Colleague: 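I'd like to ask you about the structure that follows.
All figures in this text were calculated on a predicted structure; none of them were measured in a lab. All heavy atoms count here, side chains included; hydrogens, waters and symmetry mates do not.
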Amino acid sequence: MRWLWWLPVLLLVQACSSDPEPVPEPLAPSYQIEGKASFYGQPHHGRKTANGERFDKNALTAAHKTLPFGSLVRVTNLNNQRSVVVRINDRGPYARGRVIDLSEQAARELNMLRAGVAPVRLELLE
């Protein structure tokens with residue numbers, strides 16, 4: 001019974017000397033791709049998109065071939081590192097080599113209106 005007084009001391013020493021819990025690494029985006037982006041604007045303004053809503057060239061929306069409607073995607077212009085978050089509401093692009101078609105407003109925020117096409121990185125936000 002004389003040794004029982006050491007038990008709390010041993011537990012305290014063990015707790016202090018054990019390795020701390022590992023810090024989890026930040027999760028990588030579940031979808032990330034680089035490619036070329038283009039945009040569409042006035043000629044499509046007011047027309048129905050693939051999800052049934054009306055296209056608004058002034059909204060931050062985009063067309064993607066496979067991502068679910070409503071997905072939020074961060075698009076970064078690799079020429080100037082400007083980024084914008086868009087919501088997928090349409091299908092496309094149908095031009096070869098393009099990964100996304102942006103609304104006119106999204107292209108404006110990425111400063112790619114004059115060029116028309118820009119290299120971008122897409123990151124799906126969860």
Side-chain angles (χ1 to χ4, degrees):
M1 288 282 198
R2 283 179 63 186
W3 61 271
L4 282 178
W5 69 274
W6 280 98
L7 188 57
V9 173
L10 287 174
L11 291 175
L12 182 62
V13 168
Q14 183 181 7
C16 291
S17 66
S18 64
D19 292 334
E21 287 188 34
V23 176
E25 292 184 31
L27 295 175
S30 59
Y31 175 87
Q32 187 172 345
I33 191 168
E34 291 185 4
K36 292 184 179 181
S38 53
F39 74 93
Y40 58 123
Q42 187 58 44
H44 300 278
H45 188 71
R47 292 185 180 180
K48 279 191 176 181
T49 61
N51 76 346
E53 68 186 63
R54 297 283 177 187
F55 175 68
D56 180 357
K57 69 178 190 163
N58 300 308
L60 295 176
T61 58
H64 190 274
K65 290 179 184 172
T66 59
L67 289 175
F69 294 133
S71 297
L72 297 178
V73 179
R74 178 182 296 117
V75 182
T76 303
N77 183 337
L78 298 177
N79 286 336
N80 59 22
Q81 302 307 310
R82 293 180 76 162
S83 291
V84 66
V85 174
V86 296
R87 180 177 53 85
I88 303 299
N89 72 339
D90 206 358
R91 290 293 174 228
Y94 298 107
R96 187 177 180 150
R98 311 267 170 87
V99 295
I100 197 165
D101 254 345
L102 303 167
S103 67
E104 187 175 315
Q105 182 61 35
R108 183 176 290 109
E109 292 193 19
L110 292 176
N111 197 23
M112 60 172 277
L113 283 178
R114 184 178 296 231
V117 177
V120 295
R121 178 176 47 253
L122 308 182
E123 297 171 276
L124 179 61
L125 304 176
E126 294 187 29

Colleague: How far apart are the closest heavy atoms of Tyr40 and Phe55, and which atoms are they?
Modeller: O-CZ, 3.3 Å

Colleague: Please report the shortest heavy-atom distance between Asn79 and Ala118, naming the atom on each side.
Modeller: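 Smallest heavy-atom distance, with atoms named: ND2-CB, 4.5 Å.
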
Colleague: Counting N and O atoms only, with roles assigned by atom type, does the side chain of Thr61 sit under 3.5 Å from a partner on the main chain of Asn89, one being a donor and the other an acceptor?
Modeller: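 No; judged by distance alone, with no hydrogens or angles, the pair does not exist.
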
Colleague: Answer yes if Leu113 and Val84 sit in the same cluster of Ile, Leu, Val, Met, Phe, Trp and Tyr residues linked by side chain heavy atoms under 4.5 Å apart, and no otherwise.
Modeller: yes

Colleague: Under 3.5 Å, side chain of Asp90 to main-chain N/O of Ala50, donor-acceptor pair present?
Modeller: yes

Colleague: In Å and rounded to the nearest 0.5 Å, what is the OG1 to CD distance from Thr76 to Gln81?
Modeller: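 It comes to 7.0 Å.
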
Colleague: Please say whether more than 12 non-hydrogen atoms of neighbouring residues, nucleotides or ligands are located less than 6.0 Å from CZ in Arg121.
Modeller: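 Correct, the count exceeds 12.
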
Colleague: NE2/His45 to CG/Asp56 distance, rounded to the nearest 0.5 angstrom?
Modeller: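 With rounding to 0.5 Å, NE2 (His45) is 5.0 Å from CG (Asp56).
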
Colleague: Under 4.5 Å between side-chain heavy atoms, hopping through other hydrophobics if needed: is there a path connecting Leu124 to Leu102?
Modeller: yes

Colleague: Take atom NZ in Lys65; do more than 12 heavy atoms of anything else shown fall under 6.0 Å from it?
Modeller: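 Check passes, neighbour count above 12.
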
Colleague: Please check this pair: side chain of Asn80 against backbone of Leu110, looking for a donor-acceptor N/O pair closer than 3.5 Å.
Modeller: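 A pair under 3.5 Å: yes.
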
Colleague: Between atom OG of Ser103 and atom CG of Asn58, what is the distance when rounded to the nearest 0.5 Å?
Modeller: 8.0 Å

Colleague: Short question: side chain of Arg82, backbone of Glu109 - any donor-acceptor pair under 3.5 Å?
Modeller: yes

Colleague: State, to 0.1 Å, how close Pro93 and Ala63 come at their nearest heavy-atom pair, and which atoms those are.
Modeller: CD-O, 4.0 Å

Colleague: Taking atom CD1 of Ile88 and atom NE2 of His64, what is their separation to the nearest 0.5 Å?
Modeller: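 Between Ile88 CD1 and His64 NE2, I get 6.5 Å after rounding to 0.5 Å.
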
Colleague: Quick one: pull up CD in Glu34 and CG in Leu122 and give me the separation to the nearest 0.5 Å.
Modeller: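 So the gap between those two atoms works out to 9.0 Å.
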
Colleague: Compute both the distance and the angle, then confirm whether Arg91 meets the cation-pi test with Phe69: under 6.0 Å from the six-membered ring centre, within 45 degrees of the axis.
Modeller: yes

Colleague: Distance from His44 atom NE2 to Arg54 atom CZ, nearest 0.5 Å?
Modeller: 14.5 Å

Colleague: Indicate if Ile33 and Ile100 have the same hydrophobic cluster label, given that clusters are the connected sets of ILVMFWY residues with side-chain heavy-atom separations under 4.5 angstrom.
Modeller: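 Ile33 and Ile100: one cluster.
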
